[in-house]
Amino acid sequence: MTAMAIEERTYLPQQPDQLAPVLDFLTAHERRRGARAEPSYALVGTSGGQRIELPREIHEVLVQVVAALQAGKAVTVAPHSMSLTTQQAADILGVSRPTVVKLIENGELPAERVSSRRRLRLRDVLIYQQARKEAQYEVLAATGVEIDDTEDPEVVRRRLRDARRTVAARRKAKS
């Protein structure tokens, strides 16, 4: 089982309707127990004495996987080491390896040198990814303009141009 556990694997929703009772059970259990007491999760085997306690992290993964499968989405389980190469970081961020190197050189993404190679901590990459996502949402919000179909198209164009200029000015101020 250990060889299988470290491989990346994608699970497709085979029968999402059968997952509803599992998700209902997991969420009801959490609602009943609340945040006061530390809930206990376990796997129980077919014979009476088989039972193993699950850590909370495993339970949270289970809830997320079941919810995604029930929604008809595929789920990929891809173990990552805590120390990443620049290529692994690029894969997680969805950018090229040279882009990761530039981020490191600009001080935007912390890394350490191991001989001639750079290594990044998974946590740092995930923090950067979240910060980048939040910045993208900020830009989207700043450029969002309410448009009424009765408005003059020239007025709408002017408002959109002003929003783009505002975003460009913010970028210039940051650099």
Side-chain angles (χ1 to χ4, degrees), residues 1-14 16 19 22-23 26-27 29-30 35 37-45 50-144 163-175:
M1 174 151 162
T2 55
M4 187 177 127
I6 59 172
E7 294 177 5
E8 179 175 315
R9 185 165 174 204
T10 299
Y11 300 90
L12 300 173
Q14 299 299 321
L19 297 172
V22 176
L23 188 59
L26 293 170
T27 53
H29 179 70
E30 249 184 46
E38 184 65 27
S40 176
Y41 308 100
L43 292 177
V44 179
Q50 295 177 316
R51 178 183 165 92
I52 183 168
E53 295 291 321
L54 293 179
R56 181 161 186 80
E57 295 83 14
I58 301 297
H59 173 264
E60 290 170 359
V61 169
L62 179 62
V63 170
Q64 187 175 5
V65 168
V66 169
L69 290 172
Q70 184 187 18
K73 297 182 180 186
V75 174
T76 300
V77 177
H80 293 280
S81 63
M82 296 304 277
S83 176
L84 305 173
T85 65
T86 53
Q87 184 59 58
Q88 289 170 324
D91 292 343
I92 290 171
L93 295 173
V95 298
S96 68
R97 192 191 65 73
T99 299
V100 170
V101 171
K102 285 180 187 173
L103 291 170
I104 293 168
E105 290 171 352
N106 293 341
E108 295 178 54
L109 196 53
E112 60 183 26
R113 282 225 179 251
V114 177
S115 68
S116 64
R117 309 257 185 222
R118 292 180 178 97
R119 294 284 180 204
L120 299 95
R121 291 187 326 192
L122 175 60
R123 179 179 177 176
D124 292 335
V125 172
L126 295 176
I127 288 170
Y128 174 81
Q129 182 182 44
Q130 184 62 35
R132 188 176 77 170
K133 192 181 293 183
E134 288 171 7
Q136 289 170 339
Y137 287 139
E138 249 180 60
V139 169
L140 285 173
T143 58
R164 285 193 300 272
R165 285 182 181 156
T166 301
V167 171
R170 284 184 193 165
R171 280 190 192 142
K172 213 174 214 182
K174 285 183 181 179
S175 55

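Just so you know, residue 1 is the first one in the sequence shown, and it goes up from there.
For Arg113, the CZ atom sits in a packed shell: over 12 heavy atoms of surrounding residues, nucleotides or ligands are nearer than 6.0 Å.
Nearest heavy atoms, Leu109 versus Val100: CD2-CG1, 4.2 Å. For the pair Leu84 and Gln88, the tightest heavy-atom approach, listed with the atom from each and the gap, is CA-OE1, 3.2 Å. A pairwise comparison of heavy atoms in Ile92 and Leu122 identifies CD1-CD1, 3.8 Å as the closest pair.
With rounding to the nearest 0.5 Å, the separation of OG1 in Thr99 from CG in Leu93 is 9.5 Å. If you take OG1 on Thr86 and NZ on Lys102, they are separated by 13.5 Å, rounding to the nearest 0.5 Å.
A salt bridge between Lys133 and Glu138 is absent, with no side-chain N of the basic residue lying under 4.0 Å from a carboxylate O of the acidic one.
In this structure, Arg119 has no salt bridge (Lys or Arg N to Asp or Glu O under 4.0 Å) partners at least two apart in sequence or on a different chain.
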Do Glu105 and Arg118 pass the salt bridge (Lys or Arg N to Asp or Glu O under 4.0 Å) test, and can you show the C-alpha distance, the side-chain angles, and the key distance before you say yes or no? CA-CA 11 Å; Glu105 290 171 352; Arg118 292 180 178 97; 3.4 Å; yes
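No donor-acceptor pair closer than 3.5 Å links the side chain of Gln64 to the backbone N or O of Val61. Listed for the Arg123 side chain is no donor-acceptor partner under 3.5 Å among the backbone atoms of Leu126.
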